[in-house]
Amino acid sequence: MTRSEFRKRFSANRVAVFPVIHVLDNEQAEHNTHIAVDGGCAGVFLINHDFAYPHFLPIIKHVRKAFPDLWLGVNFLAVTGKDAFPVLAELEAENIRVDGYWADDARIDESGGGDGGDSGGDGQFEASEILDVKKACGWDGMYFGGTAFKKQRDVKPDDYKTSATIARNFMDVVTTSGIATGHSADLGKIEIFRQACGETPLALASGITPDNIAQYAPLVDAVLVATGINVKDDFYNIDPVRLAQLNVQINLGDPT
């Protein structure tokens with residue numbers, strides 16, 4: 001998938017906004033999804049911070065049934081695509097479509113060599129295995145793979161270019177972050193990732209706020225955002241006003 005294909009997919013030549021909803025129950029997940037839809041977002045990601053992913057599945061089913069046409073992504077906390085993709089394929093067999101999966105760690109190995117190109121993934125054993133599982137199980141949704149991502153393995157700044165260059169061959173959307181939830185990413189890091197990703201879409205998944213989005217908008221194709229648009233001091237609920245402010249600032253900062 002190229003950047004232009006990604007942007008066309010979401011019907012606007014601008015940065016796609018995906019609110020990340022830390023789900024608690026059906027009612028809370030549906031309520032916040034409504035806010036995202038009313039705010040004109042490209043879609044949402046649901047994530048299970050408070051319980052294991054098997055308990056998360058009924059909420060995914062509820063949201064999908066409530067929003068049959070919504071672009072719906074999920075993140076099973078700390079679960080790689082190797083284990084997630086077969087579950088998503090099973091949901092699809094039940095007519096519960098999940099359009100995207102975001103993994104915190106796509107298991108890119110900057111020291112492993114290989115780039116997944118003509119080598120077929122030589123040296124990238126875990127990332128290659130994840131991609132093989134995706135193909136084998138038949139789930140064909142969009143894969144957002146965490147690369148040099150918060151709370152995962154430490155990746156030195158000198159390795160950012162290598163990391164992004166490898167990653168673009170193993171996922172649909174290279175996805176990176178700042179050092180922690182709510183912490184803005186170093187702009188220099190995102191500039192390196194943008195250059196290394198080339199025509200592969202790039203998503204940023206931490207520290208985005210209405211106050212800083214304009215500086216990242218020319219560099220990324222999507223933002224996955226929670227605390228920056230949530231009600232103040234509330235981990236679980238979107239503030240419609242802050243979401244609207246974010247969209248205004250994206251329009252100012254994205255030159256496309």
Side-chain angles (χ1 to χ4, degrees), residues 1-10 14-18 20 42-43 45 47 71 73-75 79-82 84-85 99-117 119 121 123-124 126-131 134-135 140-179 184-208 213 215-225 254 256:
M1 173 174 285
T2 65
R3 295 185 73 190
S4 61
E5 289 170 340
F6 179 87
R7 292 190 173 216
K8 287 178 183 177
R9 169 66 180 80
F10 296 103
R14 65 192 290 273
V15 176
V17 176
F18 297 100
V20 177
F45 276 93
I47 185 170
W71 192 96
V74 301
N75 176 315
V79 177
T80 71
K82 178 182 176 181
F85 295 147
D99 300 292
Y101 186 71
W102 159 33
D104 295 330
D105 192 348
R107 307 305 296 165
I108 300 301
D109 182 1
E110 295 78 19
S111 67
D115 63 1
S119 68
Q124 297 298 319
E126 289 185 90
S128 294
E129 184 179 24
I130 290 168
L131 199 55
K134 186 176 187 292
K135 294 174 181 177
D140 63 354
M142 202 176 292
Y143 177 26
F144 289 65
T147 306
F149 205 81
K150 60 187 179 182
K151 300 181 181 178
Q152 309 303 317
R153 296 173 302 102
D154 247 354
V155 177
K156 297 176 182 178
D158 287 349
D159 290 330
Y160 288 159
K161 180 179 179 180
T162 299
S163 184
T165 300
I166 294 170
R168 67 187 187 186
N169 296 292
F170 290 96
M171 59 201 69
D172 298 297
V173 184
V174 176
T175 307
T176 195
S177 73
I179 59 172
S184 301
D186 177 73
L187 188 62
K189 175 183 180 180
I190 306 308
E191 290 171 340
I192 291 169
F193 263 71
R194 173 72 278 151
Q195 183 177 20
C197 283
E199 286 305 305
T200 299
L202 174 63
L204 179 56
S206 79
I208 293 295
I213 182 59
Q215 65 181 324
Y216 298 109
L219 300 170
V220 302
D221 303 290
V223 291
L224 283 57
V225 55
D254 189 352
T256 58

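- Side-chain atoms of S163 do not come within 3.5 Å of backbone N or O of D159 as any donor-acceptor pair.
- Residue F45 comes nearest to V74 through the heavy atom pair CD2-N, 3.5 Å, listed as atom of the first residue, atom of the second, then distance.
- The distance from atom CD of E110 to atom CD of Q124, rounded to the nearest 0.5 Å, is 7.5 Å.
- Note: F144 and F149 fail the aromatic proximity criterion, with ring centroids not under 6.0 Å apart.
- The distance from the CZ atom of F193 to the CG atom of L219 is 12.5 Å, given to the nearest 0.5 Å.
- In this structure, the side chain of N75 engages the main chain of W102 through a donor-acceptor pair within 3.5 Å.
- When every heavy atom of A164 is checked against every heavy atom of A196, the shortest pair comes out as CB-CB, 3.6 Å.
- Considering all non-hydrogen atoms of both residues, P201 and D221 come closest at CA-OD2, 3.2 Å.
- For the atom pair Y160 OH and D186 CG, the distance stands at 7.0 Å (nearest 0.5 Å).
- To the nearest 0.5 Å, the span separating OG1 on T176 from CG on L204 amounts to 7.5 Å.
- With sequence neighbours left out, Y143 forms a ring-ring contact (aromatic ring centres under 6.0 Å, His included) with F85.
- Within the model, atoms OG of S184 and CD1 of I208 stand 7.0 Å from one another, a figure rounded to the nearest 0.5 Å.
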Does the pair R9 and M142 meet the rule for a side chain to side chain contact (heavy atoms under 4.5 Å, CB included), with working shown?
-> CA-CA 11 Å; R9 169 66 180 80; M142 202 176 292; 4.2 Å; yes

Could you give me the CA-CA distance, side-chain angles and deciding distance for T147 and I166, then say whether side chain to side chain contact (heavy atoms under 4.5 Å, CB included) is met?
-> CA-CA 10 Å; T147 306; I166 294 170; over 6 Å; no

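- Side-chain contact between Y101 and K134 is absent, with no heavy atoms from C-beta onward closer than 4.5 Å.
- Across R194 and L202, no two heavy atoms sit closer than the pair NH1-CB, 3.4 Å.
- When all heavy atoms are compared, the tightest approach of T175 to V173 is OG1-O, 3.1 Å.
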Run the side chain to side chain contact (heavy atoms under 4.5 Å, CB included) check on D109 and E126 step by step: do they pass?
-> CA-CA 8 Å; D109 182 1; E126 289 185 90; over 6 Å; no

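- Crowding of E5 atom CD: a count of heavy atoms from other residues, nucleotides or ligands under 6.0 Å exceeding 12.
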Take I108 and M171, measure what side chain to side chain contact (heavy atoms under 4.5 Å, CB included) needs, and give me the verdict at the end.
-> CA-CA 11 Å; I108 300 301; M171 59 201 69; 4.1 Å; yes

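- Contact of the Y216 side chain with the V223 side chain is not registered, since no non-hydrogen atoms from C-beta on lie closer than 4.5 Å.
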Where do E199 and T2 land on the side chain to side chain donor-acceptor pair (under 3.5 Å) test, with the steps shown first?
-> CA-CA 5 Å; E199 286 305 305; T2 65; 5.6 Å; no

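- A16 and A42 get closest at one heavy-atom pair: CB-CB, 3.8 Å.
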